[in-house]
Amino acid sequence: MAAIVSEKLLEWYDANARDLPWRARPGEAAPDPYRVWLSEIMLQQTTVAAVKPYFEAFTRRWPNVEALATAPEEDVMAAWAGLGYYSRARNLVKAARAVAERGGFPDTEEGLRQLPGLGQYTAAAVAAIAFGRRAVVVDANVERVVARLFALTEPLPVVRKAIRVCTESITPAQRSGDFAQAMMDLGSAVCTARSPKCLLCPLATDCRGRAEHDPEALPVKAAKKPKPTRTGEAYWIEREGMVWLARREGKGMLGGMRALPDDGWSARTDGAGVPLLEGEWEGAGLVRHSFTHFTLELSVRRYLGAATPRQEGEWWPIERLDEAGLPTLFAKAARLALA
DNA sequence: AAAACGTGGGT
DNA sequence: TACCCAAGTTT
């Protein structure tokens, strides 16, 4: 059954593979490891549609790993703004420098795993896709396809071990990278989380989930925790066409990113509500922004006084605010302040 | 090992 | 609107 499944899937992939900018171009035998790595980092917990413009911008500006390795971290962080999970950008620079230093990407799963930002999934994916290594590639798509194909009804995360074993059993020795991408394309377009299109599925006749269960109900997931709501304030301080921007601490929420100064809100606590300057303020509106583990109600306040902040920060020209690399939360706040 | 970590799109 | 989900990693 294993060989049959991989053959059917690869045949489906040959006819239905998505045309994505990080895949091998026509005439190329193998894709560029730099582009594969960059795309895989960007795609962590992030949709293809969101990644595409960032991938285009990054590869135009930094065409190879050496170029990225010599880029100032600040520039890379700003270019990443809006994509989320900003530790990825910091690790991206670290990894690029390590790769440039050693003269190229490691070409094995174990070697790749040593680079910052590459966990079990990404190391396996790059090894398989860029270097033709046989590797067991398990992402959320594969989890879903395999849980259904093998009718694995134990809940996540307990079922992960069984999913890995089953995935290993159907991973072919040849074209393991194409197999992985085929599984992901299938999960994305056919074996979807909701309303799977079993009538279009090349594996429908092999699927125990379809024969024995409701495939849509697999994999079973644990209940989610409730998401708290926090409140905070952000401050718009403007002078002569410039706005005062801070830079956030290296780690933690939006770490290392430029930002509007704020009152110290976090996932755990509300902000103190104490403006960083004495004087008059006016309300500019409220931003409601939902993160993975909490929702923030951010009150934006505009400064009416003339004092200068004593905190770390910089005056930034407002007409070039889009180049500051503000995370989406603060881009929304800035939009309100300028409205 | 559970929690932290962003954002945008789909339903 | 509210919730779910997405090519996960790190601590």
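Proteins get letters first, then strands, A, B, ... in listed order; numbering begins at 1 in each.
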(request) Determine which pairs satisfy salt bridge (charged side-chain N to carboxylate O under 4.0 Å, His left out) with at least one residue from residues 120-145 of chain A, sequence neighbours left out, and list them in order. (result) A:Asp107-A:Arg133, A:Arg134-A:Glu168, A:Glu143-A:Arg160

Could you tabulate the donor-acceptor pairs under 3.5 Å formed by side-chain atoms of residues 267-276 of chain A, not counting sequence neighbours?
unit_1, atom_1, unit_2, atom_2, d
A:Thr269, OG1, A:Ser266, OG, 3.2
A:Asp270, OD1, A:Thr231, N, 3.0

(request) Determine the contact category for A:Gly252: base if any of its heavy atoms lies under 4.0 Å from a base atom, sugar-phosphate if only primed atoms, P, OP1 or OP2 are that close, otherwise nothing. (result) sugar-phosphate

(request) Round to a whole Å and report the spacing from CZ of A:Phe294 to P of B:dA4. (result) 10 Å

(message) Heavy atoms within less than 4.0 Å of DNA chain B: which residues of residues 142-149 of chain A have one? Give them sorted by number.
(response) none

(message) Tell me the interatomic distance from A:Trp265, atom CH2, to B:dG6, atom P, rounded to whole angstroms.
(response) 9 Å

(message) Pick the closest DNA chain C nucleotide for A:Arg288 and for A:Lys221 by heavy atoms, then say which residue is nearer the 5' end.
(response) A:Arg288

(request) Calculate the interatomic distance between A:Gln120 atom CD and C:dT10 atom P; express it in whole Å. (result) 12 Å

(message) Tell me if the aromatic rings of A:Tyr235 and A:Trp244 count as close, with their centers under 6.0 Å from one another.
(response) no

(request) Please state whether the phosphate of B:dA3, meaning OP1 or OP2, lies under 4.0 angstrom from any side-chain nitrogen or oxygen of A:His293. (result) no

All N/O pairs under 3.5 Å across the protein-nucleotides 7-10 of chain B interface:
unit_1, atom_1, unit_2, atom_2, d
B:dT7, OP1, A:Tyr86, OH, 2.8
B:dT7, OP1, A:Thr328, N, 2.7
B:dT7, OP2, A:His289, NE2, 2.8
B:dT7, O3', A:Thr328, OG1, 3.4
B:dG8, OP1, A:Thr328, OG1, 3.4

(request) Tell me what A:Trp22 touches on the nucleic acid: a base, only sugar-phosphate, or nothing, going by heavy atoms under 4.0 Å. (result) base

(message) Taking salt bridge (charged side-chain N to carboxylate O under 4.0 Å, His left out) as the cut-off, I'd like each qualifying pair that reaches into residues 319-339 of chain A, sequence neighbours left out, listed once.
(response) A:Arg320-A:Glu323

(message) What's A:Arg23 touching, base or sugar-phosphate or nothing? Going by heavy atoms closer than 4.0 Å.
(response) base

Could you pull out all donor-acceptor pairs under 3.5 Å where a side-chain atom in residues 51-61 of chain A meets a protein atom, sequence neighbours excluded?
unit_1, atom_1, unit_2, atom_2, d
A:Tyr54, OH, A:Ala81, O, 2.7
A:Thr59, OG1, A:Phe55, O, 2.8
A:Thr59, OG1, A:Glu56, O, 3.3

(message) Applying a 4.0 Å non-hydrogen cut-off, can you work out what A:Pro116 is touching in the nucleic acid: base, sugar-phosphate, or nothing?
(response) sugar-phosphate

(request) Report the distance from atom CD of A:Glu249 to atom P of B:dA4, rounded to the nearest whole Å. (result) 19 Å

(message) Can you list everything that forms a side chain to side chain contact (heavy atoms under 4.5 Å, CB included) with A:Ala259? Sequence neighbours excluded, please.
(response) A:Arg248, A:Phe330

(request) Return the value, rounded to whole Å, for the distance between atom NZ of A:Lys161 and atom P of B:dA1. (result) 14 Å

(message) List the residues meeting side-chain hydrogen bond (donor to acceptor under 3.5 Å, both in side chains) with A:Arg310, not counting sequence neighbours, and say none if there are none.
(response) none

(message) Whole angstroms only, please: what is the OH-C1' distance between A:Tyr121 and C:dT9?
(response) 13 Å

(message) Aromatic contact between A:Phe291 and A:His289, with the criterion being ring centroids under 6.0 Å apart: yes or no?
(response) yes

(request) Using a cut-off of strictly less than 4.0 Å, decide whether A:Lys251 has a side-chain nitrogen or oxygen near OP1 or OP2 of B:dC5. (result) no

(message) Suppose the criterion is side-chain hydrogen bond (donor to acceptor under 3.5 Å, both in side chains): which pairs have a residue in residues 78-102 of chain A, not counting sequence neighbours?
(response) A:Thr46-A:Arg88, A:Tyr85-A:Thr292

(request) Quickly work out the A:Gln44 CD to B:dC5 C1' distance and round it to whole Å. (result) 12 Å

(request) Kindly indicate, with the supporting measurements, whether the criterion side chain to side chain contact (heavy atoms under 4.5 Å, CB included) is fulfilled by A:Phe131 and A:Thr108. (result) CA-CA 8 Å; A:Phe131 297 109; A:Thr108 65; over 6 Å; no

(request) Would you indicate what A:Gln181 reaches in the nucleic acid, counting non-hydrogen atoms under 4.0 angstrom: base, sugar-phosphate, or nothing? (result) nothing

(request) Please report, rounded to the nearest Å, how far the P atom of B:dC5 is from the CZ atom of A:Arg268. (result) 10 Å

(request) Give one of base, sugar-phosphate or nothing for A:Met42, where a contact means two heavy atoms less than 4.0 Å apart. (result) nothing

(message) Please pick, from C:dT10, C:dG8, B:dC5, the nucleotide with the shortest atom-to-atom distance to any side-chain atom of A:Ala267.
(response) B:dC5

(message) Considering every strand and a 4.0 Å limit on heavy-atom distances, what is the contact class for A:Leu296: base, sugar-phosphate, or nothing?
(response) nothing

(request) Considering only atom P, compute the distance from C:dT11 to B:dG6 and round it to an integer number of Å. (result) 14 Å

